[in-house]
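Chain naming here is simple, since letters A, B, ... match the order of the sequence lines and numbering starts at 1 in each.
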There are 2 protein chains.
Amino acid sequence: MRNTLADVVAAALRVLDAQGLENCSMRRVAAELQVQPSALYHHVPDKQSLLALMADEIVAGVLPGPAPGAERGGGGRARDICLALRAAMLGIRDGADVVATAAAFRLGASAVEQALAALVGADGARTLLLYTFGHAQSTQTHRQAAAFGALVGAATADPAPGSELEASFGRGLDIILAGLRAGGSGA
Amino acid sequence: MRNTLADVVAAALRVLDAQGLENCSMRRVAAELQVQPSALYHHVPDKQSLLALMADEIVAGVLPGPAPGAERGGGGRARDICLALRAAMLGIRDGADVVATAAAFRLGASAVEQALAALVGADGARTLLLYTFGHAQSTQTHRQAAAFGALVGAATADPAPGSELEASFGRGLDIILAGLRAGGSGA
DNA sequence: ACCTGAACACCGTTCAAGT
DNA sequence: ACCTGAACACCGTTCAAGT
């Protein structure tokens, strides 16, 4: 039973979640499939392409998201999309890094950005996306640092860093959405 | 004349600008200094620490920045800081990646974030910073893609992508600042 | 179509030893 | 204090060859 492209992507995501991005090498993905490293190049031209496919998989399912409540404006819907995107990225180890890096290569092309642009305009969509990527990345970095600190046995000053970061994300989102309502772009 | 830590950081920044982050290896930095790779470990514990020092160097000089115009509010001053930070990161190849990665590790600790927080509050500062990092990163990625396209000889659809991205950055900044004026955080 | 086996040109980091 | 030389355990990618 030879492998398919979907098998390769799934194996790569398993390695990513288990070992982290830094250890997610072509060689380890190949080992996960019990195959020689060179076999991967039959399915994928290079590592960067594999990472892009992994990013697509991580983000898949963010849209259509919760049914659009008819009584809410585009801002509320945009807020839901950003929360769902964040949850999807945080759902897998180093997911934010993978998505942010791959997305940067083709900002403007993703379905998520187009959905946001339809709701709040192109500038608003870009601002919301970049903020969401950045905040998720820094959340994940802090988590890793916290996990490392716990391993080392360092005293953890923050009793509930997760919920504070969660709340911080929502407040930043509200700042941007308020700016959009106020016509911050000068429009 | 043996090398000092400052020599190592300077050499690393030269390699970064000339070869890009992907080729900025410890071995190449050592070669730039005409020294064995192992010699670097006398000055720096590991590559990550070297990258952090490089990030500090790139951002150094963003503050104090232009003298605070007394007649302008904190928003205008915050806007200047973000523009200066962006310019500093774009001033060196892959500078945005280096700074964003290193800064993520200690968000809340940087002088730039503290200066912004004093002007627009902690949530506003974080929102502005994450947006600035993210936008600079995607600007640099697009530049690389454009440079690669030019090398390959692909038709470039956008005649002046630089200025459009520049303007786009300013508009996003204005959205966030308008949100802060509107009290977007619910305050 | 999918994979093996072997190779090429690299990595980061450690460590004993030199001056 | 700063560096050399050699080694260890890895990388991504290519390519001829097998089935």
Is there a side-chain contact between [X] and the phosphate of [N], meaning an N or O under 4.0 Å from OP1 or OP2?
X: B:H43; N: D:dA1; result: no
X: A:Q36; N: C:dG5; result: yes
X: A:N3; N: C:dC3; result: yes
X: B:R28; N: C:dC11; result: yes

Whichever of A:R27 and B:S25 has its nearest DNA chain C nucleotide further upstream toward 5':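 Mapping each residue to its closest nucleotide by heavy atoms, the 5'-most match is A:R27.
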Smallest separation among heavy atoms of A:L90 and A:A136, with atom names: CD2-O, 3.8 Å
First locate atom CG of A:L40, then atom CG of A:L50, and finally report the distance between them rounded to the nearest 0.5 Å.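 Here the interatomic distance stands at 7.5 Å.
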Sub-4.5 Å side-chain heavy-atom contact between B:L165 and B:H135: yes
Does any non-hydrogen side-chain atom of B:T132 lie less than 4.5 Å from one of B:I81?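 No - every pair of side-chain heavy atoms lies 4.5 Å or more apart.
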Grab the [atom1]-[atom2] distance between [X] and [N] for me, whole Å please.
X: A:Y41; N: D:dG12; atom1: OH; atom2: P; value: 6 Å
X: A:D46; N: D:dC11; atom1: CG; atom2: C1'; value: 15 Å
X: B:K47; N: D:dC11; atom1: NZ; atom2: P; value: 15 Å
X: A:N23; N: D:dC11; atom1: CG; atom2: P; value: 8 Å
X: A:L40; N: D:dG12; atom1: CG; atom2: P; value: 10 Å
X: B:Q19; N: C:dC10; atom1: CD; atom2: C1'; value: 14 Å
X: B:E22; N: C:dC11; atom1: CD; atom2: C1'; value: 13 Å
X: A:L5; N: C:dA1; atom1: CG; atom2: C1'; value: 14 Å

Complementary nucleotide of C:dT4, counting Watson-Crick and G-U pairs under 3.5 Å: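 Paired with C:dT4, as far as the under-3.5 Å criterion goes, is D:dA16.
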Should C:dA9 form a Watson-Crick or G-U wobble pair with both distances under 3.5 Å, which nucleotide is its partner?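 The answer is none; no pair meets the criterion.
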In terms of the nearest nucleotide of DNA chain D, which residue is placed more toward the 5' end: A:S38 or B:P37?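 Nearest-nucleotide comparison on DNA chain D picks B:P37.
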Donor-acceptor pair, distance only, cut-off 3.5 Å: does the side chain of B:Q137 make one with the backbone of A:L130? no
Nearest-nucleotide pick for A:H42, side chain only, options being C:dC2, D:dA1, D:dT4: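 It is C:dC2.
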